[in-house]
Amino acid sequence: MAEAGFRHTLGVRSEYAGYGQTDHSGMQDFLTAKLKQEHERTKSTMNAHERQSRRTLRARRPLTFCLFLSLLLFALRPNVGDGAGGARSRRLLKTPGRVSVAGGPKVNEAVFFSFDDHAIPWRNNLKVTMVRAKKHPANPVLRRGPQGAPDHGHAILYGTVLHIGGKFRMWYLGVFESEIKNGQAPGWWRPMCYAESDDGVNWRRPELGLVELHGNRKNNVCLIESEVPSLAKVNDFLSVIYEPDDPDPRRRYKCAYIAHPPFGDVRGGRSRIGPDERRWAAFVCATSADGFRWKVVGDRPINAGGERFEVSGLYRFGRFYYATGQLISPWTWRMDGRNIGRVMLVHRSADFEHWSRAKAMAFARPGQLTSPPIAGQQTHMGAGLWNRGNVIVGLYGMWHDAPRKSRPGESWNHGVTVDLGLIVSNDGIHFREPVPDHKVIARGVEGEWDSVALLQGHAFVNIGDKTMMWYSHWDTSGKLRNMEIGLATMRRDGFGYLSRKVANSAAHFVTSAFETEGRMKLFVNAADVSSAAPLTIELLDELARPLPGFSGESAARVSQPGTHCEVVWPSQGSSQLPQRRTLAVKVRFPETADAKVYAVYVGAE
């Protein structure tokens, strides 16, 4: 039987060579197909001869098992013709690396930020120092357009910036009139505009030719189509994500936005929570193949049958899509039923079409939850979010109430100011502020273009050693002054760093546990280290014990500063992490220098 199985394997090997695959993933696909084929063949044989003796049936099973074993051994054995000790076999063993932190999603790279006390929970004699971003000297980098342009009134980044194929792509909201009447954009519509850039500073507006405006289509407005036309009119916050691996090419771009349809257009009605409104804050989703031509999902708002919802975020974390947004009492309230100001809530969906009616409280400023709450603190329009796979970071609107009530003729929110603060989540649902009231991007001083209130976007890109973040200005007086888009930068992932708190005393931290698959490496983002004062890096096992070969005398040293320093294990002569192990990283700070650690990364080669 075994000999017959081996002869079958030789035939399979020849067939595989004709299949034209040379990598491990190709072999896996081929083996899966062949084993499925063999399984179906066996089932068919059993059905055809079901009245045969059990002895005959038992005789077939070893053949199938031998076939499976032979195919598996074939996948792992070196090819004689490859030379150099089976180089082809080594290539087959180079499976793509994945990592899961604390049981979270399996991702290509995990980030352990210095300010994330869930990812780095164990700290000895360390403090975190938060860092403020630097505003670009060319700000605002995207200004409003000329007369007749769809963004002549304002260009604001209630939107998204993605870096795709070496190009920066921006979706933002325009207003084509330079004066707001009755507190709203003309026709309750702020067009979805598109711009692109090679460097993130100098932007161009391509003529998309999709939407007629002022009698022609020479503009940069994206097309949104809907069975209910009023749902296609974006009027507030635009969140775009790109999923190139979606099997349906029509869904590779996804977005969520706020429309304000007449209530009569809302199929499915609403709940009895909150008062009646002439226009409803509708949560709308749409999909696109190219990011220019969009189709609304379904024939009604996602929140139909529920409460108004000012959606302002969209991401996929693990197995769910999440949409964050803003609500205020009487549509939401504190856990004990008391009223609350603007806070961030979140819906979820497994398929981007069917969304939960129930919402989770995602974030409120600490002062909103005290008894009594701190006057003037609110969370404006949720947060602009950056999905890093195992963790989500974001900039939220740090709303400060106006010092006095608006006077007749003034905008209702005249005097309101907003800065941008940092939040973080490790489960995609619950967010927290690492250092309350820290301003990552602060509004400018009087006389500067961004001196009143700032608006966040989903607009974060790492390029080289730099993190780029785009934001915009909001004139709360309602005059549309300087409502344009700016850029702020910092060291790559440099939102904050860990350093020694008390001098002349040992300092270290230990990360949360993670599990690896495939070939993975460890990297450190650090400053102020040297050969005389290096960081010492060790691996711990699932019980936080030093791992032989990766600790003690075999520990690694990081002596060069940089944003992505590879950790090499001297006793291994390699930077590879052990595979399929539960591990944690211990980082000891040098005794003789004030080293800074911004982040630790576990990633593929």
Side-chain angles (χ1 to χ4, degrees), residues 96 105-108 158-173 191-196 206 208-211 220-259 261 267-268 282-304 309 311-325 346-357 384-389 392 428-429 457-461:
K106 293 181 179 180
V107 296
N108 296 325
Y158 263 176
T160 302
V161 175
L162 300 175
H163 192 248
I164 301 173
K167 181 186 298 182
F168 296 89
R169 304 186 66 186
M170 178 190 290
W171 292 263
Y172 66 99
L173 296 182
M192 177 198 283
C193 296
Y194 173 79
E196 57 189 33
L208 301 180
L210 298 174
V211 177
N220 62 328
V221 179
C222 297
L223 174 66
I224 305 177
E225 296 179 308
S226 173
E227 182 179 328
V228 181
S230 59
L231 297 185
K233 288 190 172 183
V234 183
N235 195 36
D236 225 332
F237 224 121
L238 178 67
S239 307
V240 177
I241 62 174
Y242 176 52
E243 296 187 301
D245 296 328
D246 193 308
D248 185 347
R250 298 170 299 178
R251 288 168 40 104
R252 290 181 179 167
Y253 289 88
K254 299 175 178 70
C255 76
Y257 59 83
I258 304 169
R267 300 175 184 178
F283 163 21
V284 180
C285 286
T287 61
S288 172
D290 58 10
F292 304 134
R293 302 164 184 83
W294 296 84
K295 179 70 175 178
V296 168
V297 175
D299 64 353
R300 62 199 64 198
I302 300 300
N303 56 328
F309 189 66
V311 63
S312 59
L314 177 66
Y315 51 93
R316 186 171 187 171
F317 193 82
R319 301 176 66 181
F320 284 94
Y321 294 96
Y322 294 93
T324 56
V346 59
H347 289 273
R348 66 176 179 171
S349 169
D351 60 8
F352 199 67
E353 295 181 9
H354 305 90
W355 291 78
S356 62
R357 175 67 60 83
L385 300 170
W386 193 11
N387 187 353
R388 298 299 296 272
I392 297 175
I429 303 170
H458 312 289
F460 306 83
V461 174

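Since the model is a prediction, treat every value here as computed from it, not as a measurement.
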Nearest atoms (heavy-atom pairs only) where [X] meets [Y]:
X	Y	answer
Val311	Ala256	CG2-CB, 4.1 Å
Trp171	Cys222	CD1-SG, 4.1 Å
Ser230	Pro261	OG-CB, 3.3 Å
Leu231	Ala259	O-CB, 4.1 Å
Leu238	Tyr257	CD1-CB, 4.1 Å
Leu173	Val234	CD2-CG1, 3.5 Å

Keeping [X] on the side-chain end and [Y] on the backbone end, is there a donor-acceptor pair under 3.5 Å?
X	Y	value
Thr324	Val346	no
Ser356	His347	no
Arg293	Leu223	no
Asn387	Arg316	yes
Tyr172	Gly457	no

Do other residues, nucleotides or ligands put more than 12 heavy atoms under 6.0 Å from Arg348 CZ?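 Count not over threshold, so no.
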
Taking atom NZ of Lys295 as the centre, report whether more than 12 heavy atoms of other residues, nucleotides or ligands fall under 6.0 Å from it.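 Buried by this count: over 12 neighbours within 6.0 Å.
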
If you round to the nearest 0.5 Å, how far is [atom2] of [Y] from [atom1] of [X]?
X	Y	atom1	atom2	result
Arg251	Asp351	CZ	CG	7.0 Å
Arg252	Ser288	CZ	OG	11.5 Å
His458	Leu314	NE2	CG	7.5 Å
Thr287	Ile241	OG1	CD1	11.0 Å
Leu210	Phe292	CG	CZ	8.5 Å
Thr160	Phe460	OG1	CZ	10.5 Å

Relative to each other, are the rings of Trp355 and Phe352 parallel, tilted or perpendicular (30° and 60° limits)?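 Trp355 and Phe352: perpendicular rings.
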
Per the salt bridge (charged side-chain N to carboxylate O under 4.0 Å, His left out) rule, what does the pair list look like for residues 227-236, sequence neighbours excluded?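 Sorted pair list: Arg190-Asp236, Glu227-Arg267.
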
Measure the shortest side-chain to side-chain distance between Asn235 and Ile258 over non-hydrogen atoms and say whether it is less than 4.5 angstrom.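 When only atoms from C-beta onward are counted, Ile258 and Asn235 do not touch, as no gap falls below 4.5 Å.
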
Listed partners of Asp248 passing salt bridge (charged side-chain N to carboxylate O under 4.0 Å, His left out), at least two apart: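 Per chain and number, Asp248 pairs via salt bridge (charged side-chain N to carboxylate O under 4.0 Å, His left out) with Arg250.
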
Sequence-distant partners of Tyr158, ring pair (Phe, Tyr, Trp, His ring centres under 6.0 Å), two or more places apart: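 Applying ring pair (Phe, Tyr, Trp, His ring centres under 6.0 Å) to Tyr158 gives Phe237.
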
Residues in ring pair (Phe, Tyr, Trp, His ring centres under 6.0 Å) with Phe317, at least two apart?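 Counting only residues at least two positions away or on another chain, Phe317 forms no ring pair (Phe, Tyr, Trp, His ring centres under 6.0 Å).
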
What pairs with Ser226 under side chain to side chain donor-acceptor pair (under 3.5 Å), at least two apart in sequence or on another chain?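 Not a single residue meets the side chain to side chain donor-acceptor pair (under 3.5 Å) criterion with Ser226.
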
Taking side chain to side chain donor-acceptor pair (under 3.5 Å) as the test, write out the residues that go with Arg169, two or more places apart.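 Arg169: side chain to side chain donor-acceptor pair (under 3.5 Å) contacts with Tyr194, Tyr253.
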
